[in-house]
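Step one of this worksheet: look at the structure below.
Numbering starts at 1 and runs along the sequence shown. Computed from a predicted model, the values in this text were never measured in an experiment.
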Amino acid sequence: MALAPKPLCYPYPFSLLNPTLTKFHTVKPTFIICKSTQFYAPEPDGAGPAAPTRGDIFLERHLSLETSTTVLSENKETKKKKKNKEKGLKVSSYIIHSCYGCGAPLQTSECDAPGYVDPETYNLKKKHRQLRTVLCGRCRLLSHGHMITAVGGNGGYSGGKQFVTAEELREKLSHLRHEKALIVKLVDIVDFNGSFLAHVRDLAGANPIILVVTKVDLLPKGTDLNCVGDWVVEATMKKRLNVLSVHLTSSKSLVGIAGVVSEIQKEKKARDVYILGSANVGKSAFINAVLKMMSYKDPVAAAARKYKPIQSAVPGTTLGPIQIDAFLGGGKLYDTPGVHLHHRQAAVIHSEDLPALAPQSRIRGRSFPNPQLALDKLTADRLRSNGLNGLSIFWGGLVRVDVMKVLPETLLTFYGPKSLQIHIVPTEEADEFYQKEVGVLLTPPTGKQKLDNWMGLETKRELQIKYEDFERPACDVAISGLGWISVEPVSQLLRTSDSSEGETVEELSLLVHVPKPVEIFVRPPLPIGKAGGECYQYRELTEKEMDVRPKWYF
């Protein structure tokens with residue numbers, strides 16, 4: 001009878017965190033153990049459908065950075081307080097949760113900083129494992145209308161305390177370009193050029209983009225959204241982005257939201273969805289509208305509405321990525337921090353003046369010359385004899401337009417917040433008028449303390465505007481973060497029987513003053529109102545352009 005072979009003896013399992021072999025039960029075999037510098041990472045929590053998504057990894061990476069920072073700071077405090085043996089803190093057991101309203105890590109040390117929670121409340125919620133349902137103190141104040149900023153630095157705000165810089169917020173989005181994701185990019189129609197994110201490819205990478213144009217309910221009555229949609233697509237094609245479709249929406253009235261939800265469900269394909277846009281473009285309001293629309297058919301989205309991101313008029317409300325379980329079939333929806341842009345008006349004024357820049361209702365154009373405007377005798381005589389030539393128009397304390405050479409019937413129409421008053425003075429008196437009235441008649445800025453740090457209108461840009469047709473507006477002069485000025489060479493309202501169509505003025509000349517570093521854009525006129533739709537001309541497209549051109553919906 002053959003003898004059974006002896007069973008092989010294996011070593012006990014070794015720890016991934018301490019990869020050293022334990023004792024063997026065999027008799028002194030010789031082993032050569034090679035030391036390696038490789039870091040042994042634990043296996044993922046699952047495989048296949050149970051494996052963590054890219055979005056989970058993205059959020060975990062963000063929270064792990066906050067965790068390590070907190071643990072290191074607490075270790076330093078422990079060393080100062082106790083010189084005896086240190087009590088080890090395990091990173092793996094120290095989990096930081098974020099405020100579901102703004103994404104800031106929860107903390108109990110700085111009461112005026114983002115993410116602060118009363119220690120008693122924090123401990124109670126932690127005991128019952130309910131930290132995911134905690135709203136920080138800053139978000140509670142924001143939800144009640146308080147203007148509390150937290151973002152400073154390049155593109156941040158000069159007023160209020162600054163706990164995070166605009167660069168740090170952008171860094172939290174740096175991993176996004178390496179993810180396989182669906183990007184929903186938001187643009188404000190009132191500040192289309194200023195909020196478009198010129199370098200969006202640096203954030204989104206090659207990921208497909210659904211372009212959502214927000215706040216269309218603020219456009220004047222009678223606006224033909226077909227014309228606006230075509231205008232947006234024309235502007236977007238020049239950016240050469242991977243745009244799947246364009247949607248005109250209003251988060252307030254839910255116009256166009258159903259179309260965006262349908263497009264997301266169609267293009268998601270098991271990928272996570274990231275909402276991307278500049279600060280105060282309306283990302284949180286858009287997410288709330290999407291969850292509301294989805295909740296009618298999706299119980300997961302209905303449950304997510306209970307703990308939705310906070311929305312406020314303060315740019316920079318969201319300070320960290322917020323993960324939302326919004327889809328029944330898997331995948332996550334992420335609200336991301338707004339990208340703060342240094343060239344917008346919001347970056348140069350005090351935080352208390354920010355509400356003045358946000359239109360609260362439909363914008364209405366204010367045209368000049370205006371026969372109903374009360375003016376002094378000298379200015380009124382100039383308007384009657386030579387139109388706007390030689391006059392300066394102040395738009396609050398933020399914009400000054402010197403009219404250098406225009407036709408007598410040229411009309412300038414200002415579209416933006418109603419709270420910014422407009423004043424007209426002769427150009428030779430403009431400097432003295434501004435020095436005297438800034439902070440008084442010309443607001444914002446307001447308040448003596450803010451005026452002490454106000455640098456004035458340092459940037460000047462001379463515009464030479466060519467026009468081809470007397471019947472149509474020549475262009476828009478868009479002021480980043482504020483609104484735009486429509487330039488109409490010969491207004492139908494001002495035209496008379498002896499109108500000067502034969503004038504030799506081939507270009508309109510304007511000199512625009514704004515604070516540094518606010519940008520000025522000259523663009524094709526946005527077709528708004530009934531007259532805008534009648535004047536708008538659709539461009540003839542080739543078959544190739546039709547194939548690559550994204551569709552627009554509303």
Side-chain angles (χ1 to χ4, degrees), residues 181-197 200-201 203-204 207-220 223-269 271-278 280-298 301 309 311 324 326-327 331 333-336 338-339 362 526-528 532-533 536 538 541 546-554:
L182 176 63
I183 306 298
V184 179
K185 172 176 158 46
L186 270 59
V187 181
D188 184 351
I189 190 61
V190 179
D191 184 28
F192 184 85
N193 298 83
S195 65
F196 196 91
L197 299 181
V200 65
R201 193 180 288 106
L203 298 174
N207 288 312
I209 297 173
I210 297 174
L211 184 66
V212 175
V213 181
T214 63
K215 306 179 184 179
V216 296
D217 57 316
L218 296 179
L219 294 177
T223 298
D224 186 349
L225 293 184
N226 284 298
C227 299
V228 175
D230 187 78
W231 184 90
V232 170
V233 172
E234 286 288 330
T236 304
M237 291 294 291
K238 298 176 183 178
K239 308 289 184 181
R240 297 184 179 181
L241 299 173
N242 183 17
V243 176
L244 302 176
S245 58
V246 174
H247 298 260
L248 307 182
T249 69
S250 166
S251 300
K252 184 177 180 179
S253 63
L254 299 184
V255 168
I257 299 297
V260 180
V261 171
S262 176
E263 186 77 1
I264 290 175
Q265 296 286 12
K266 173 186 173 184
E267 300 292 343
K268 186 165 67 73
K269 299 175 182 176
R271 293 176 294 196
D272 292 322
V273 180
Y274 292 81
I275 311 299
L276 191 66
S278 62
N280 208 33
V281 78
K283 294 186 300 299
S284 297
F286 171 75
I287 289 177
N288 293 339
V290 167
L291 291 177
K292 183 177 181 179
M293 185 64 65
M294 293 174 60
S295 64
Y296 297 125
K297 296 182 179 180
D298 192 337
Q311 59 186 84
I324 304 169
F327 305 111
L333 181 68
Y334 286 88
D335 188 8
T336 61
V339 180
R362 285 186 184 272
L526 178 63
I528 57 173
Y536 187 72
Y538 290 91
L541 302 174
M546 289 291 291
D547 291 337
V548 299
R549 182 182 172 93
K551 305 296 182 183
W552 75 87
Y553 306 90
F554 63 90

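The structure places CG of Leu211 at 9.0 Å from CG of Leu248, a figure rounded to the nearest 0.5 Å. Here the CG-NZ distance, from Leu203 to Lys185, works out to 9.0 Å after rounding to the nearest 0.5 Å. Expressed to the nearest 0.5 Å, how far OG1 of Thr214 lies from CG of Asp188 amounts to 4.5 Å. Interatomic distance, Asn207 CG to Arg271 CZ, rounded to the nearest 0.5 Å: 7.0 Å. How far CG of Asn193 is from CG of Leu526: 9.5 Å, rounded to the nearest 0.5 Å. For the atom pair CD of Gln265 and CG of Leu182, the computed distance is 10.5 Å after rounding to the nearest 0.5 Å.
Looking only at distances, a side-chain donor or acceptor of Ser295 sits under 3.5 Å from a matching main-chain atom of Lys292. Side chain of Arg549 to backbone of Met237: no donor-acceptor contact under 3.5 angstrom is found. Side-chain N or O atoms of Arg362 include one that pairs as donor or acceptor with a backbone N or O of Leu219 at under 3.5 Å.
Side chains of Ile287 and Ile324 form a contact here, defined as non-hydrogen atoms less than 4.5 Å apart. Between Val232 and Trp552 the shortest side-chain heavy-atom distance does not fall below 4.5 Å. Considering only heavy atoms from C-beta on, Val281 stays 4.5 Å or farther from Phe286 through its side chain. Between Arg240 and Arg201 there is a side-chain heavy-atom pair separated by less than 4.5 Å. You'll find the side chain of Val228 stays beyond 4.5 Å of the side chain of Phe554, heavy atoms only.
Taking both residues in full, the closest heavy atoms of Lys215 and Asn280 are given as NZ-O, 3.3 Å, listed atom of the first, atom of the second, then distance. Tyr274 approaches Thr336 most closely through the heavy-atom pair CD2-CG2, 4.1 Å. Here the closest heavy-atom approach between residue Leu244 and residue Pro208 is recorded as CD1-CB, 3.7 Å. In terms of heavy atoms, Ala301 sits closest to Met294 at CB-CB, 3.7 Å. Pairing each heavy atom of Ala326 with each of Asp298, the nearest pair is O-OD2, 3.3 Å.
Using a 30° and 60° split on the angle between ring planes, Tyr536 and Tyr538 fall in the perpendicular class, above 60°.
No option in Ile189, Thr236, Thr249 other than Ile189 meets the side-chain contact (heavy atoms from CB on, under 4.5 Å) test with Val213.
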**Message:** Determine whether Ser250 and Asp217 satisfy the following criterion, side chain to side chain donor-acceptor pair (under 3.5 Å), listing intermediate values before the conclusion.
**Reply:** CA-CA 6 Å; Ser250 166; Asp217 57 316; 3.2 Å; yes
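Defined by atom type and a distance below 3.5 Å, a donor-acceptor pair is missing between the side-chain atoms of Ser251 and Asn288.
Heavy-atom contacts from other residues, nucleotides or ligands closer than 6.0 Å to NZ of Lys268 number more than 12.
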